[in-house]
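Just dropping this structure here.
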Amino acid sequence: MNNYYDTGSYNETSSAKRIISDITRDNFEVPNGFKLSDPSIQNFLSVEKSAEFLVSGSFSVSFSPSGMEICGNGIKTSYRVDCISQIFFTSYTVTEGSGRSRRTVLYYRLMALVRGDNGHEHETLVLEKIPSEYFARYIEQEAEKIMGIEDRPVRGEKDYVKKTRSISDGSAGPLSDLQKEYTSSVLFSEAPVNLNKSVDRVSLTSGNDSFSVLIIGSVILSILLPIIVYMPSRHSHTCNPEGAIWAFGICITVSVLSAIVKLFVMNKYSLEINGNSVLIKVRNCLGNSIDVFRGNISEIDRLYSFDCRKSASDTDESRFSVMIKTKEGKKLTLFAGMSSIDAEEAASAVNSFIMDMEIGMGF
């Protein structure tokens with residue numbers, strides 16, 4: 001549990017070295033429209049993407065010790081393993097839909113760095129429109145393990161900064177907001193989760209409540225919307241006081257209902273480990289709380305980051321949560337709305353604390 005991701009051990013059967021610690025199938029769900037081969041099949045990985053339109057067939061890619069095979073649109077392309085230098089993934093955005101349904105979505109693209117007959121390397125598209133970062137990362141790492149390719153940074157890949165920093169100073173990526181505060185002393189408060197760690201105690205709590213933001217937004221909307229409705233229209237050139245009153249009443253009603261829901265919804269988690277005791281609570285904005293888990297540190301298996309995206313949504317990359325797994329196999333989602341770096345670092349900090357405590361207590 002002392003690596004950066006704290007998500008599983010490295011596959012020691014492979015000779016391919018990895019720069020950053022690997023993720024496992026626990027860290028993501030296979031995105032909608034994709035199929036992943038059975039991980040128990042040794043030295044083989046296949047990924048299939050369903051057809052997006054009736055006129056196009058499914059697309060698949062497979063990796064084996066002999067190389068890579070891409071099948072799509074009735075065309076099969078094979079690459080020998082000695083021609084493949086690297087597998088990596090990048091991120092990109094596309095605009096989909098039209099009119100009011102128009103939106104910008106974030107995708108990931110799996111690429112291969114291939115050597116031609118002249119010895120020069122060029123990039124080849126392997127798989128695109130992947131909505132999950134961890135799914136793309138998992139395919140990269142497993143493909144390189146299977147083909148025996150040692151990982152190295154490729155300029156432009158999503159993990160380029162993380163990998164180059166890991167090589168230069170032995171760490172595993174850019175400092176998160178959590179790391180910057182935690183390494184300097186105790187706490188970070190600008191991100192969705194606060195970390196507080198001492199010799200015999202560690203806690204993770206949800207960040208500042210957004211209730212005040214809701215109130216401020218409601219007040220602004222309750223003032224601006226009636227003014228806009230009251231202003232003379234372009235056609236009649238007359239004021240609309242009745243419409244302004246209705247707009248104000250609707251805004252106040254919606255704001256009050258939203259505030260009531262916000263006050264009572266239980267969605268603020270906290271995890272506290274004090275000595276060998278573990279307490280997980282969920283609370284609302286009123287401070288009312290419910291114990292989700294109360295037990296001994298020996299009952300906790302590990303914490304890990306989880307990629308919540310199974311389908312395309314928007315360009316927000318804060319789609320990761322911190323999950324906890326007990327030794328009985330129970331899984332709990334504690335925090336959501338984090339970046340992958342913050343989720344990984346939060347899990348790593350707690351896991352290292354658990355490991356230190358277990359060693360000290362002789363578990």
Side-chain angles (χ1 to χ4, degrees), residues 7-8 11 13-16 18 22-94 96 105-117 121-151 154 156-159 306-313 319:
T7 52
N11 181 2
T13 62
S14 173
S15 61
R18 303 289 299 165
D22 289 340
I23 59 174
T24 72
R25 290 289 296 271
D26 281 344
N27 297 94
F28 63 92
E29 291 186 40
V30 177
N32 299 330
F34 288 84
K35 291 182 180 179
L36 194 63
S37 63
D38 186 349
S40 65
I41 301 176
Q42 295 294 324
N43 293 324
F44 182 79
L45 176 70
S46 69
V47 185
E48 182 177 339
K49 182 181 179 184
S50 302
E52 294 184 353
F53 307 101
L54 294 177
V55 295
S56 63
S58 61
F59 190 94
S60 66
V61 57
S62 60
F63 305 93
S64 67
S66 60
M68 174 178 66
E69 184 176 86
I70 302 174
C71 300
N73 299 322
I75 301 173
K76 183 182 294 185
T77 308
S78 300
Y79 298 89
R80 299 191 319 272
V81 68
D82 56 352
C83 296
I84 303 172
S85 176
Q86 281 293 294
I87 303 292
F88 62 97
F89 73 99
T90 62
S91 61
Y92 67 102
T93 57
V94 298
E96 297 181 347
V105 296
L106 176 68
Y107 286 112
Y108 299 91
R109 178 186 288 126
L110 193 70
M111 305 290 294
L113 201 58
V114 179
R115 285 186 294 271
D117 295 335
E121 294 180 338
H122 64 275
E123 295 181 359
T124 296
L125 176 65
V126 178
L127 194 63
E128 61 180 346
K129 298 193 78 172
I130 304 172
S132 165
E133 177 182 333
Y134 275 178
F135 184 60
R137 185 175 295 169
Y138 179 82
I139 300 172
E140 174 204 347
Q141 73 184 35
E142 295 303 313
E144 289 183 341
K145 287 179 186 179
I146 289 170
M147 295 187 291
I149 299 172
E150 291 193 4
D151 195 19
V154 177
E157 70 170 312
K158 184 69 169 62
D159 290 331
F306 184 80
D307 190 344
C308 303
R309 297 187 75 206
K310 290 184 63 179
S311 59
S313 54
R319 297 293 182 183

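Computed from a prediction, not measured in an experiment: that's the story for all the values here.
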Hey, does Leu45 have a side-chain heavy atom less than 4.5 Å from the side chain of Leu36?
yes
Taking the side chain as everything from C-beta on, heavy atoms only, tell me whether Phe306 gets closer than 4.5 Å to Asp26.
no
Report the residues that fulfil ring-ring contact (aromatic ring centres under 6.0 Å, His included) with Phe88, sequence neighbours left out, ordered by chain and then residue number.
none
Residue pairs meeting salt bridge (charged side-chain N to carboxylate O under 4.0 Å, His left out), one or both in residues 33-51, sequence neighbours left out, come to Lys49-Glu52
Could you tell me which residues satisfy side-chain contact (heavy atoms from CB on, under 4.5 Å) with Ser46, sequence neighbours excluded, listed by chain and number?
Ser37, Phe44, Ser62
Flag the pair Ile130 / Phe34 as yes when at least one side-chain heavy-atom distance between them is below 4.5 Å, and no otherwise.
yes
Tell me every residue that passes ring-ring contact (aromatic ring centres under 6.0 Å, His included) with Phe28, counting only those two or more places apart in sequence or in another chain.
Phe135, Tyr138
Counting N and O atoms only, with roles assigned by atom type, does the side chain of Asp307 sit under 3.5 Å from a partner on the main chain of Glu133, one being a donor and the other an acceptor?
yes
Could you tell me which non-hydrogen atom of Pro131 sits nearest to which non-hydrogen atom of Pro31, and how far apart they are?
CG-CB, 3.5 Å
Do Glu96 and Tyr107 get their side chains close enough for a donor-acceptor pair, meaning under 3.5 Å?
yes
With the threshold set at 4.0 Å, does a side-chain nitrogen-carboxylate oxygen contact exist between Glu142 and Lys145?
yes
Identify the residue among Glu121, Glu144, Met111 that makes a side chain to side chain contact (heavy atoms under 4.5 Å, CB included) with Gln86.
Glu144
Is there any salt bridge (charged side-chain N to carboxylate O under 4.0 Å, His left out) pair reaching into residues 59-72, and which pairs are they, with sequence neighbours excluded?
none
Which pairs pass salt bridge (charged side-chain N to carboxylate O under 4.0 Å, His left out) with one or both residues in residues 71-85, sequence neighbours excluded?
Arg80-Asp82
With a 4.5 Å heavy-atom cut-off, do Leu106 and Arg319 have their side chains touching?
no
Of Glu128, Arg309, Arg137, Lys129, the residue whose pairing with Tyr108 passes side chain to side chain contact (heavy atoms under 4.5 Å, CB included):
Arg309
